Asker: 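Got a structure for you, written out below as structure tokens; questions coming shortly.
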There are 2 protein chains.
Amino acid sequence: MNTQTNLPEVFGALADPTRFAIVERLLKEGDLPVGQLAEPFKMSAPAISRHIKLLENAGLIERRIEKQWRVCALKKDRFADLHQWIERYRTFWNTSFDRLEALLDKQQGEDDDSSR
Amino acid sequence: MNTQTNLPEVFGALADPTRFAIVERLLKEGDLPVGQLAEPFKMSAPAISRHIKLLENAGLIERRIEKQWRVCALKKDRFADLHQWIERYRTFWNTSFDRLEALLDKQQGEDDDSSR
DNA sequence: TCTTCATTTAACTTTTTTATTAATTAATGA
DNA sequence: TCATTAATTAATAAAAAAGTTAAATGAAGA
């Protein structure tokens, strides 16, 4: 993971429902201009503009200029960082799962014993 | 994913550096009582207590009573939810990667052509 | 050049979050 | 029972986040 990546900042960017919805929409529909991203919300344009800027500062999206529009696109690096982070926790929950499996196996073994 | 899971709320819980550090510590060191989790911070005990409550409300940890201590433990479900969420984004960045690979392969092929 | 469209910046208000100290609860063990 | 330890709740102050309207920027095209 990029050492500059400030995970709490990235989580903060995703903590707002409006910003989360914007990110989800970019995943589902691909790159979109600011105006189109703003449409589903009754919020003012400046409010949306700030949300998008915050997402950009967190490294989750980037903006490019195309004719008179600013087109937003997801940036893969931060998502890869998030993935790498959560993968570390997988060990933790897989262990729990393995323990459950072991327990079930053990019970199965005991059931077999009792049927002899 | 559990439909009740409010991802922005979970991200909000992880957006604070203190809470993030607490979660990371629980992963590295396992279950710990509130008092021990509080030690590395110069913050007051009530402040830490609130942070831990917020993590609990977001479903990231749970507290159990053991003698006079409240022991905190990670709860795997929310982490699994996070993992499932980020996995959806993997498609997006793998696609980019595949395109890069395709481009490199293509260039390789063109290089071979030019050497003929 | 002038107008229009898309978006941002400024100035400001409201709401939410986070921290503090003081007081309270609850369990332990002399 | 009483003192001690562990942690939480209450009341409140300070800081950060998010929204609004009005004004500014900047490219497009008549």
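Note that the structure is a prediction, hence the values are computed from the model and not measured. Chain letters run A, B, ... following the sequence lines, proteins first and then strands; every chain starts at 1.
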Asker: Please report the shortest heavy-atom distance between A:Leu60 and A:Phe79, naming the atom on each side.
Answerer: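 Looking at all heavy atoms of both residues, the closest pair is O-CE1, 3.5 Å.
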Asker: Can you list, by residue number, the residues of residues 30-44 of chain A that have a non-hydrogen atom closer than 4.0 angstrom to DNA chain D?
Answerer: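 Contacting residues: A:Met43, A:Ser44.
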Asker: In the single-linkage hydrophobic clustering (I, L, V, M, F, W, Y; side-chain heavy atoms under 4.5 Å), do B:Trp69 and B:Leu37 co-cluster?
Answerer: no
Asker: Closest approach of B:Asn57 and B:Glu9, non-hydrogen atoms and distance?
Answerer: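 Closest heavy-atom pair between B:Asn57 and B:Glu9: O-OE2, 3.7 Å.
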Asker: Would you indicate, yes or no, if D:dA17 has its OP1 or OP2 atom less than 4.0 angstrom from a side-chain nitrogen or oxygen of A:His51?
Answerer: no
Asker: For nucleotides 25-30 of chain D, give me one character per nucleotide, 5' to 3': B if any protein heavy atom sits under 4.0 Å from the base, S if the only such contacts are to the sugar-phosphate, - if neither.
Answerer: --SS--
Asker: If hydrophobic clusters are built by linking Ile, Leu, Val, Met, Phe, Trp and Tyr wherever their side-chain heavy atoms come under 4.5 Å apart, do A:Leu54 and A:Val71 end up in the same one?
Answerer: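 No, separate clusters.
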Asker: Output the rounded distance in Å from CZ (B:Arg64) to P (D:dA7).
Answerer: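 Computing the B:Arg64:CZ to D:dA7:P distance gives 13 Å.
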Asker: B:Ile52 CD1 to C:dA19 P: how many Å, rounded?
Answerer: 12 Å
Asker: Roughly how far, to the nearest 0.5 Å, is the NE2 atom of A:His83 from the CG atom of B:Leu82?
Answerer: 11.5 Å
Asker: Could you pull out the closest heavy-atom pair between B:Thr5 and B:Val10, with the gap in Å?
Answerer: CG2-CG2, 4.3 Å
Asker: Kindly compute the distance separating CZ (B:Arg78) from NZ (B:Lys75), expressed to the nearest 0.5 Å.
Answerer: 6.5 Å
Asker: Taking only distance into account, with no hydrogens and no angle test, what donor-acceptor pairs under 3.5 Å do side-chain atoms of residues 14-27 of chain B form with protein atoms, sequence neighbours excluded?
Answerer:
| from | atom 1 | to | atom 2 | distance (Å) |
| --- | --- | --- | --- | --- |
| B:Asp16 | OD1 | B:Thr18 | N | 2.8 |
| B:Asp16 | OD1 | B:Arg19 | N | 3.2 |
| B:Arg19 | NE | B:Ala13 | O | 2.7 |
| B:Arg19 | NH1 | B:His51 | ND1 | 2.9 |
| B:Arg19 | NH2 | B:Gly12 | O | 3.1 |
| B:Glu24 | OE1 | A:Arg88 | NH1 | 3.2 |
| B:Glu24 | OE1 | A:Arg88 | NH2 | 3.2 |
| B:Glu24 | OE2 | A:Trp85 | NE1 | 2.9 |
| B:Glu24 | OE2 | A:Arg88 | NH1 | 3.3 |
| B:Glu24 | OE2 | A:Tyr89 | OH | 2.4 |
| B:Arg25 | NE | B:Glu29 | OE1 | 3.4 |
| B:Arg25 | NE | B:Glu29 | OE2 | 3.1 |
| B:Arg25 | NH1 | B:Gln36 | O | 2.9 |

Asker: Do B:Lys53 and B:Glu56 sit within salt-bridge range, that is, some charged N less than 4.0 Å from a carboxylate O?
Answerer: no
Asker: Can you confirm whether B:Asn6 sits close enough to B:Pro8 that some side-chain heavy atom of one is under 4.5 Å from a side-chain heavy atom of the other?
Answerer: yes
Asker: Please list residues of residues 10-23 of chain A whose heavy atoms come under 4.0 Å from any atom in DNA chain D, ordered by number; otherwise none.
Answerer: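 Within this stretch, A:Asp16, A:Arg19 sit under 4.0 Å of the strand.
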Asker: Roughly, in whole Å, what's the span from CG in B:Leu54 to C1' in C:dT17?
Answerer: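 In whole Å, C:dT17 C1' and B:Leu54 CG are 9 Å from each other.
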Asker: Scan nucleotides 9-12 of chain D against the protein and return all N/O pairs shorter than 3.5 Å with their distances rounded to 0.1 Å.
Answerer:
| from | atom 1 | to | atom 2 | distance (Å) |
| --- | --- | --- | --- | --- |
| D:dT9 | OP2 | B:Lys53 | NZ | 3.1 |

Asker: Listing request: all salt bridge (Lys or Arg N to Asp or Glu O under 4.0 Å) pairs with a residue in residues 30-51 of chain A, at least two apart in sequence or in separate chains.
Answerer: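 Applying salt bridge (Lys or Arg N to Asp or Glu O under 4.0 Å) to every pair that reaches into residues 30-51 of chain A, excluding sequence neighbours, yields A:Asp31-A:Arg64.
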Asker: How many Å lie between CG on B:Asn57 and C1' on C:dT16, as a whole number?
Answerer: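 My rounded result for the distance is 16 Å.
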Asker: Rounded to whole Å, please give me the gap between CD1 in A:Ile48 and C1' in C:dT7.
Answerer: 12 Å
Asker: Distance from B:Ile61 atom CD1 to B:Cys72 atom SG, nearest 0.5 Å?
Answerer: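 Separation between the atoms: 4.0 Å.
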Asker: If hydrophobic clusters are built by linking Ile, Leu, Val, Met, Phe, Trp and Tyr wherever their side-chain heavy atoms come under 4.5 Å apart, do A:Leu55 and B:Leu7 end up in the same one?
Answerer: yes
Asker: Atom CG of A:Leu55 to atom P of D:dA18: distance rounded to whole Å?
Answerer: 11 Å
